[in-house]
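All ligand and atom numbering here is 1-based and tracks the order in the structure.
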Amino acid sequence: MSKGTINVSVENIFPLIKKFLYSDHEIFLRELISNATDATLKLKHLANIGEAKVEYGDPMIEVKVDKDKKKLHIIDQGIGMTAEEVEKYINEIAFSGAEEFLEKYKDNNGDNAGIIGHFGLGFYSAFMVADKVEILTKSYKDAPAAHWSCDGSPNYTLKESKKKKDRGTEIILHIADDSTEFLEEARIRELLTKYNKFMPIPIKFGTKTETLPKPENAKEEDPAPTQEVDNIINNPDPAWTKQPSDLEDKDYSSFYRELYPMQFEEPLFNIHLNVDYPFNLTGILYFPKMTTDLNMQKDKIQLYQNQVFVTDNVEGIVPEFLTMLRGVIDSPDIPLNVSRSYLQADGAVKKISSYITRKVADKLKSLFKENREDFEGKWNDIKIVIEYGMLTEDKFFDKAQDFALYPTVDDNYFTFEELSEKIKDNQTDKDDKLVILYASNKEEQHSYIESAKEKGYEVLLLDSPIVSHLLQKLESKKEKISFVRVDSDHIDKLIRKEEDTISKLSEEETETLKTFLTEVIPSEKFTVQLEAMDSQASPFIITEPEFMRRMKEMQQTGGGGMFGMGGLPEMYNLVVNTNHELVGQILNTKTRKKKERLVNQALDLARLSKNLLKGEELTTFIKRSYDMIK
Ligand code: ADP
Ligand code: MG
């Protein structure tokens, strides 16, 4: 037996480990199981290359709770360690890793739990929950088993062990009084499912009862036979580690269910990521049905490193617009021992992020090409991701030209190119600009949509919350186009063409009318605008200038803060069609009272068709209408 003192330059490292990692004690189990997995995989490798003359067999890792003795055991059948190796890997190397880690981070109170394993603090994280740790280990080499024991002070003992007969390592944690939660079976099961659900070596935690098929000659009332079997908590071969060619649709959807057991809706489609140069990355991303609430969707992608769960915060690794997706990413190449802001500047991570973006774009393109009808059917459920991506990632914007769709109010779906081709004859204005009309709500803008359709114009239905931002971007990226909402001007001015309709009113009459209208109509609400239009067009129309409305919307959904926090006022124009019969009638009505009544009635009708008449004003309108017809 030998005794020794771990070479300490950081005083009392164990209390420090405990204190520093306070928020995330639970990761000790992940670290110990990772070590057990590494040891097993190393043995597999050595056996494969003939270096270790052992039967590899079907090794597993076992986790056992001994609540009475307050102990937790993690047992593997891996390469094990000789006494010299314990000396070297546990007392020297692992410890100096722990020391280095603390040196570097002891003044930093941030959440650095994800970095522990990557500093070689893995093994020593056991001291976050245990006040004594033992290692019983027997190497695959012909050497006696070793027994290491350390009680949390820098002193340890290392002696030969007669007890340990089988190859492999057993770690015994004497759980500290303030960590007894880790003696609860339910708590351990929870941790195993969180961190080790997809680790590559089977992990046993207790046993379970399995029902066997009844033998042929069994009687009806005989109970089915049962047997006790190992309870394996992980799936060592998760779908993302396989080749896409070996997987069918049903494998992808059952893996989705494995990832999200509480999720009942099927994903719309998946993207299998698989690259090994210039970095290593595998994974499967799923497009779920999207809601328009952008924040609700986040933090569903899980990040793994060699099948060990690391985090479900993939910010910085996956471009923001794709954090709305679900699934798994596994990469040993993502540096986890750095802060998030550093991560975003890291070259490898940038490449990973742009690879993912490109893969997603390619997949969308092929889905669109292979089955357009199906893609159109899914458009409303995925558009928020695509539109958000177009807005925030220029590369994605370019690629999306192939599959981004622009649906019309009549449910026709066009790509931008198809749309331009279709409308270029009828919707090019006198300055040679292509004017694309859209509505944001079919019900509320019904009358405006109808008058545009009467002119043979196509009207898109664009109703995402970020639409004004996206249009702004489209207008800046594409030449000579502008988007105009159907209610932003009267129909003859939405698309300005050469011809001007001649007014039926003389200049003098127009002047009189204008004066009268500005007296009656509240100027703080409406700007009156007289226009000579088609006599069939409505007499009064309320419009909301595109620019102001868009700025207001952009301000509400973030960005475009050029008008400060005050919020922009509502700005409406009242367009009066001087060629309409009713307008002539107003002009020719003798008594002022009657005239006012006509104007108010027409104004209210215009407000009604823009959904602006509410409350008291609506009541007044209804009363006035009854008076007029009785
Ligand atoms: P890391 O895993 O990053 O190397 P750890 O502190 O987790 O750092 O472990 C230190 C070293 O101790 C390992 O590299 C390995 O050599 C040895 N070790 C730890 N656990 C085991 C085990 N279960 N079987 C064999 N060797 C182990
Ligand atoms: Mg480790």
Query raised in the report: Quick one: does Asp38 get an N or O within less than 3.5 Å of an N or O on ligand 1?
Result: no

Query - With Phe28 via ring-ring contact (aromatic ring centres under 6.0 Å, His included) - residues at least two apart - result: Phe182

Query raised in the report: Is the closest side-chain heavy-atom distance between Asp166 and Lys138 below 4.5 Å?
Result: no

Query raised in the report: Does the shortest distance from the Mg ion (ligand 2) to an N/O/S atom of Ser34 fall below 2.8 Å?
Result: no

**Report entry** Proximity flag Glu31 to ligand 1, non-hydrogen atoms under 4.0 Å
**Finding:** no

Query raised in the report: Are any of the side-chain nitrogens in Arg187 or Glu190 under 4.0 Å away from the carboxylate oxygens of its partner?
Result: yes

Query raised in the report: Is there a nitrogen or oxygen of Asp76 sitting under 3.5 Å from a nitrogen or oxygen of ligand 1?
Result: yes

**Report entry** Set of side chain to side chain donor-acceptor pair (under 3.5 Å) partners for Thr211, sequence neighbours left out
**Finding:** none

Report summary line: So the atoms of ligand 1 within less than 4.0 Å of a heavy atom of Ile90 turn out to be 12 (O)

**Report entry** Min N/O separation Thr169 to ligand 1 under 3.5 Å
**Finding:** yes

Query raised in the report: Can Gln243 and His272 be counted as having a side-chain donor-acceptor contact under 3.5 angstrom?
Result: no

Query raised in the report: Taking both backbone and side-chain atoms of Phe123, is any N or O found less than 3.5 Å from an N or O belonging to ligand 1?
Result: yes

Requested in this report: Check whether any side-chain heavy atom of Phe198 lies under 4.5 Å from a side-chain heavy atom of Thr241, and answer yes or no.
Outcome: no

